[in-house]
Q: 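Below you will find the structure I want to go over with you.
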Amino acid sequence: MKNIRTCLLVGAASALFATSANAQEAEDAPRVVSVQPYIEVNQILSAELQPGDDVVTFTQVAAGIDVNAQGRNSGASVSVRYERNIGYGDDAVDTNTVSGIARGYVSLIPRALTFEAGGLASRTRVDGGGAVSPNPQVSEDAASQLYSVYAGPSLSTQVGSVEVSGLARVGYNRFEADNTVFDQNGDPVDVFDDSVTYNAQLRAGTRAGDPLPVGVGVTGGFYQEDISNLDQRVRDVYVRGDLTLPVTDSLALVGGVGYENVEVSSRDALRDVNGDLVRDAAGRLVTDEASPRILAFDVDGLLWDVGVLWRPSARTSLAASVGRRYDSTTYYGSFAYAPSSRSSFNVNVYDGVSGFGGRLNNALADLGTDFDVLRNPVSGDFGGLVSGQEGSGLVNSLGSVRSSAFRGRGVNASYQRNIGTATAVIGAGYDRREFIGAEGTVLEAVDGVIDESYYIAGGINRPIGRSATFAANAYVNWFDSGTDNGDATGFGASAAYGRSLTNKLTARAALSVDYIDSDFTDEDFATATALLGLRYNF
């Protein structure tokens, strides 16, 4: 479920630059299948460096599977891990965690109709300012869990000189918190619960020069997200026409104009006989089902944009546009550069109205289907970064976990390079969310509030001889809250060494350091964690 404007740029680019050689290359692609189930038993020691000096030890038992299957008419990458931490004593860490990511597709009709799906499970940490990080400290037992899945068909075919493309997808997203999250004033934070997303788009267009000198296209689309918190609804319906004007063999100007209706609405919160807000066991506001649906955002009218498409070679492409949407200026686009088969660089700029779940579905759909997952070698958590044949990718813009719908704008970039036998990857991004709340409802308090997130994550993996490997990861997250609940900064690094004892049994040692500085509390938190264990690959 890519950003709508990015989809339109990609469609126009394919109409200008696509060749039959690309389709033949996909048809002749080799079949690769790798399935690796495993189990692990680890002993972990975690020492609190700040503000105290507690030391805890626990046993970690984990089972997982990594799959990479690439064929002529299908492809998938899957990494799923279940982990059980077993502590000792009255204050022991005792947790269960499922983490991983999956993306795949299968061709129902080769070169015409495909079905694709994706899923994400991640252990996270959320503080009183609403900041959520995919890198909780290993010893934390109050972590939350995040889930996101989507699925649906995609169409790409030719009817005479007209290229027809489309998609239809349904997604589900859920955020589970073990404990109620409180702000600095001691009030519960209404964090996101769950949502269902619907996304459909159909485009018909001609390539420049066949039959007209310019490319012509018509696109219609529909997006809706139903958020359980206060029965919020984001709905976007649009239709537009676009033109592609070639300037050179590698450069084209594009422009489009159309009609769009965007609405964000909700119901009010339930109040008791004393007029106090009613909350559920997790601290979330309870919806007043008798309340009428109230519009918080309503834009109905003209949309337009102009831009450029540039593809000087098969290894470089740029799509960028500026225009008018949501009654304000909008920017969006993408850039991909692969100077050689050993390195790649990707940038994506986005702008859209959605909820927390819709943003997750978009990030998932933007990933390729051929990748390896970078995990924390101590906790086993997926931090949001992947590397693969299609370049690196990032699913790290979790930002704020407020329940309110928002207009989200931002940029993310990732770079991957093979250095000898080593693979290095780094990703970074910025995410800005302006929240939307209806006047006269409890959500009016967050209307116009802006939360900003900055994040960097990187990792390197390399073999040492024939029987050993070394891996290192690092991350930094900054969160600027739009309220007086304070900002948060988190960073950490980890390193791991593995050595094969037999063809299937590997001994592992790892070390990590994590630090959290949040204005929500007067104290900073820092821990150092060490791991010794065994992994058995079936």
Side-chain angles (χ1 to χ4, degrees), residues 34-44 46 58-69 76-87 93-104 117-125 133-141 143-149 174-176 178 360 363-364 367 369-388 393-396 398 425 457 459 461 469 471-473 475 492 494-498 504-512 514 529 531-538:
S34 172
V35 180
Q36 185 59 76
Y38 64 88
I39 58 173
E40 290 182 6
V41 178
N42 305 305
Q43 190 66 24
I44 295 178
S46 183
F58 53 93
T59 299
Q60 182 185 88
V61 180
I65 185 170
D66 295 317
V67 178
N68 191 310
S77 291
V78 179
S79 179
V80 180
R81 175 186 172 97
Y82 168 78
E83 179 183 295
R84 169 78 173 173
N85 292 324
I86 305 169
V93 174
D94 196 358
T95 61
N96 295 280
T97 303
V98 176
S99 65
I101 189 168
R103 276 280 284 116
L120 169 70
S122 178
R123 192 173 74 107
T124 64
R125 180 186 189 277
S133 166
N135 301 283
Q137 293 180 331
V138 175
S139 59
E140 283 190 313
D141 60 356
S144 52
Q145 192 77 20
L146 181 151
Y147 303 97
S148 180
V149 295
R174 183 171 181 82
F175 183 81
E176 295 180 351
D178 289 345
L360 280 179
L364 260 178
L367 287 180
T369 59
D370 185 1
F371 57 77
D372 295 316
V373 172
L374 276 70
R375 289 182 177 271
N376 184 307
V378 176
S379 68
D381 290 324
F382 169 58
L385 195 60
V386 303
S387 64
L394 193 64
V395 187
N396 204 339
L398 301 182
V425 58
N461 190 312
T469 60
N473 297 317
Y475 70 90
S494 59
Y497 175 81
K504 296 186 176 182
L505 185 64
T506 301
R508 301 173 63 245
L511 178 68
S512 70
D514 297 276
T529 307
L531 174 150
L532 289 174
L534 295 171
R535 170 169 169 156
Y536 184 82
N537 294 320
F538 291 92

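Counting from 1, the numbers follow the sequence of the chain as shown.
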Q: Measuring only between side-chain heavy atoms, which start at C-beta, is D370 closer than 4.5 Å to N68?
A: yes
Q: Considering non-hydrogen atoms only, spot the tightest contact between A471 and N461 and give its length.
A: CB-ND2, 4.0 Å
Q: If you take all heavy atoms of D514 and S512, which pair is closest and at what distance?
A: OD2-OG, 3.8 Å
Q: Verify, without hydrogens or angle tests, whether Q36 (side chain) and N537 (backbone) share a donor-acceptor contact under 3.5 angstrom.
A: no
Q: Distance from L367 atom CG to L120 atom CG, nearest 0.5 Å?
A: 9.0 Å
Q: What's the shortest heavy-atom distance between R103 and G118, and which atoms?
A: CD-CA, 3.9 Å
Q: Could you please spell out the steps behind the side chain to side chain contact (heavy atoms under 4.5 Å, CB included) verdict for I101 and L364?
A: CA-CA 9 Å; I101 189 168; L364 260 178; 3.9 Å; yes
Q: For the residue pair D66 and D372, establish whether any side-chain heavy-atom pair is separated by less than 4.5 Å.
A: no
Q: With a 3.5 Å cut-off and no angle check, do the side chains of S144 and E176 form a donor-acceptor pair?
A: no
Q: Regarding R81 and E40, does a basic nitrogen lie under 4.0 Å from an acidic carboxylate oxygen?
A: yes
Q: Could I get the full list of ring pair (Phe, Tyr, Trp, His ring centres under 6.0 Å) partners for Y536, not counting sequence neighbours?
A: F538
Q: Can you name the closest pair of heavy atoms from A102 and V78 and give their distance?
A: CB-CG2, 3.9 Å
Q: Mind listing the closest non-hydrogen atom pair of Q60 and V378 along with its distance?
A: NE2-O, 3.4 Å
Q: To the nearest 0.5 angstrom, please state how far the CZ atom of F175 sits from the OG atom of S148.
A: 13.0 Å
Q: Are a donor atom and an acceptor atom from the side chains of R123 and S379 found within less than 3.5 Å of each other?
A: no
Q: Could you tell me the separation between the CG atom of L532 and the CG atom of L511, rounded to the nearest 0.5 Å?
A: 10.5 Å
Q: I'd like to know if the side chain of T506 and the backbone of G498 have a donor-acceptor N/O pair within less than 3.5 Å.
A: no
Q: Specify the closest pair of heavy atoms between Q145 and T97, including all atoms of both residues, with the distance to one decimal.
A: OE1-CG2, 4.0 Å
Q: What is the distance from atom CG of N85 to atom CG of N96, rounded to the nearest 0.5 Å?
A: 8.5 Å
Q: Counting C-beta onward and ignoring hydrogens, is there a side-chain heavy-atom pair between P377 and N473 closer than 4.5 Å?
A: yes
Q: Just do the side chain to side chain contact (heavy atoms under 4.5 Å, CB included) check on L360 and L146 with the steps written out, would you?
A: CA-CA 10 Å; L360 280 179; L146 181 151; 3.4 Å; yes
Q: Please report the interatomic distance CZ(F58) to OG(S46), rounded to the nearest 0.5 Å.
A: 6.0 Å
Q: To the nearest 0.5 Å, what is the distance between OG on S99 and CZ on F382?
A: 9.0 Å
Q: Just to verify, what does S494 make a side-chain hydrogen bond (donor to acceptor under 3.5 Å, both in side chains) with, not counting sequence neighbours?
A: none
